Q: 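A single structure is presented below for examination.
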Protein chains: 2
Amino acid sequence: MGREKSSGKSGDEIGVSLPTEFDDAVMWAAWLYYADQLTQSEIAKQLNVSRATIVNYLQEARERGIVSVVINPKAGGRTSVARALMSKYGLSGVFVIPNGTDESLSQRLGDAGARVLADQIEDGDVIGVAWGRTVLAVADQIALTRPVSNLTVVQVSGSSTGEPEFSPELCTSLLSNRIHARCVNLLAPAVLSTRELKAALLAEPVLKKQMHLVHSSNRILFGVGDLGPRSTVRVSGIASQEEIDDYVARGAVAVIIGRFLDAHGAAVGGDHDDRMVGITLNELRQVPSRICVAGGSSKLPAIVATLEAGYATHFVTDIATGEALLAL
Amino acid sequence: MGREKSSGKSGDEIGVSLPTEFDDAVMWAAWLYYADQLTQSEIAKQLNVSRATIVNYLQEARERGIVSVVINPKAGGRTSVARALMSKYGLSGVFVIPNGTDESLSQRLGDAGARVLADQIEDGDVIGVAWGRTVLAVADQIALTRPVSNLTVVQVSGSSTGEPEFSPELCTSLLSNRIHARCVNLLAPAVLSTRELKAALLAEPVLKKQMHLVHSSNRILFGVGDLGPRSTVRVSGIASQEEIDDYVARGAVAVIIGRFLDAHGAAVGGDHDDRMVGITLNELRQVPSRICVAGGSSKLPAIVATLEAGYATHFVTDIATGEALLAL
DNA sequence: CATGTGTATTGACAAATGACAATTACGGTT
DNA sequence: AACCGTAATTGTCATTTGTCAATACACATG
């Protein structure tokens, strides 16, 4: 009576033991609850267990992805702010989330970004991934609601030696893991000490192959960094404080995927820029679907620069930032 | 204060008025509840309405498909019964739903079938649709959780003049409507009085075109009918009681898409069969993905016949029927 | 200007739910 | 056979949620 153990060695399982064995009980509880709309008590009666057990089963079902709640991304793009942003910046998709606490902003944006990305993903996609707190939040919360096969996730900029908390490698591998994709980490530092060394490294067959994959991404996910004193770039280790100050002196207000932008989104190049390994801004523009996730008042000028120059095709933000962008 | 009216003629909407305008409030309530996991009271506070209103918003969000609960069809296929059925009948997918009341069986099967179909649907699909109570239940409950474009739904058998409650036309048009697909109704009766007339009709350019589309379906959805006294075929009007009795006398135990099968799934042909307009059993086998939805003890022999002969690639049933099939 | 009609909203109550500590069952080990 | 540690299960209670009749509101009509 009740739920059979998941040990799998009981007599009625003939032959091969399958890898991901679902407990029938969990699946059924989920079905009866979410599809048939029975109450937990009714299900408990039917399965001969206590209601509390059903609560646990349902939790498990949600955690294991047997059931998931999908919020139609089309609907998110139909709020008034989202539509205004779409027309103002010529974006093909915008998702705006409601207000919440400031501390949880990147978490909440990550959730939204994850849903937007998950919705777009198709068989055979090659998904480029940048890095940063927000990108990591997306990677951390993404979950596919339908089976997709043959995905590749590729790191689009070299690996940094600094802050490992939201490194390119971590963002890439976490995301690929969550969506069961092939993972390609760029086997190169983000910045090299000379252009010559960079050129030599990129000439290596391994890297040539990897960079080729970077350039063939059909989607890319990135955040926007500002250049304030506590900003992500300043702790990321991709450039020294002096180098960053130099970029600022030359008009930079934003960073995307390691590249610096001025107030109108034009590239701010230079020696340091030339020594960086990763997708360039012009290459970025070649990617058909470019999802930018960013929000927060401190990033406003940086976001404006990014959007104005058309680096994104899809934009995920919060309502406060969205309204501020429209007010400008 | 509160929710703005959806009249759409207020001043802040410049230019074109978009067709499906979502109320921001509904969208936000949905987001805050399902994504941010706030309680209804918290959301009510934030949006300055009563909690009861939030309940209504959330209901509306579910009804309008802004949020939907998806049950991973892969998981449904991993219950022990589903896997046993897959191997016994060589099916590539099986979904088994738990027990419930007998009256609601076709509703519940319809829900499951709808989810299985919705999960499979891809851009550009041509979906053949048979008819019957179960097929109608699928059509009635299907909802896409992601945007899919360029779908065609095509009626795979002629239109009957009998029972209009679950006619081929209704099944087809309802389904196509639900998934925003192009709808192709076969402009011909299900049965003609002579073979010659049928041949003449099928020679018509319009029908030639339509039949060509039928044959190019890449998915097909059908139910299974038995031949008992109260069965669907007997009220459908596709054949007279005498004709049906004749089929039975010649060994028929099942009907799928208007075609009669013997106990092992072999076609039971004859004059009446020759006069029918619609996909044939051999043509059916050419369709890559064939979803069969059926359950109930009275249909057991009919289902066995259908599955044994390999007419289905995917099968949706209830646990009672599933276990009975395994016990045979 | 009163009146009707349909829809959106609310408050109050009953039901359903989630959290958690206590309890029980189980597999492996002396 | 007794023991132990882990994991599943349960009872209880505070919180959250759904329902429903009553009310407010906008808009059209006589």
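What you see is a predicted model, and the numbers here were worked out from it, not measured in a lab. The sequence lines fix the lettering, A, B, ..., with proteins before strands; numbering per chain opens at 1.
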Q: Determine whether A:I54 and A:Y33 make a side-chain contact, defined as any pair of heavy atoms from C-beta on separated by less than 4.5 Å.
A: no
Q: Grab the CD1-C1' distance between A:I43 and C:dA16 for me, whole Å please.
A: 12 Å
Q: Give the rounded distance in Å between these two atoms: CD1 of B:I54 and C1' of D:dT19.
A: 16 Å
Q: State whether a side-chain donor-acceptor pair under 3.5 Å links B:Y57 with B:R62.
A: no
Q: Whole Å only: how far is the CD atom of B:Q59 from the C1' atom of C:dT10?
A: 15 Å
Q: Given A:R178, which of A:V138, A:V153, A:I142, A:L144 fulfils the side-chain contact (heavy atoms from CB on, under 4.5 Å) condition?
A: A:I142
Q: What string of B, S and - do you get for nucleotides 10-17 of chain D, 5' to 3', when a contact is any protein heavy atom under 4.0 Å?
A: BB----SB
Q: Starting from C1' on C:dT17, measure out to OH on A:Y57 and report it in whole angstrom.
A: 18 Å
Q: Give a yes or no on whether the ring-centroid distance for B:W31 and A:F95 is below 6.0 angstrom.
A: yes
Q: For the helix from C:dC1-D:dG30 to C:dT30-D:dA1, how many degrees between its two end axes (five pairs per end), to the nearest 10°?
A: 20°
Q: Rounded off to whole Å, could you give me the CD-to-C1' distance for the B:E60 and D:dG18 pair?
A: 16 Å
Q: Looking only at the side chains, is there a donor atom on one of A:R182 and A:N150 sitting less than 3.5 Å from an acceptor on the other?
A: yes
Q: C:dT9 C1' sits how many Å from B:L47 CG, rounded?
A: 14 Å
Q: When rounded to the nearest 0.5 angstrom, what is the spacing between CG in B:L32 and CD in B:Q37?
A: 11.5 Å
Q: Salt bridge check, A:R115 against A:D111: does any charged N sit closer than 4.0 Å to a carboxylate O?
A: yes
Q: Would you check if A:L136 and A:W131 make a side-chain contact, meaning some heavy-atom pair closer than 4.5 Å?
A: no
Q: Nearest whole Å is fine: how far is C:dT10 C1' from B:K45 NZ?
A: 17 Å
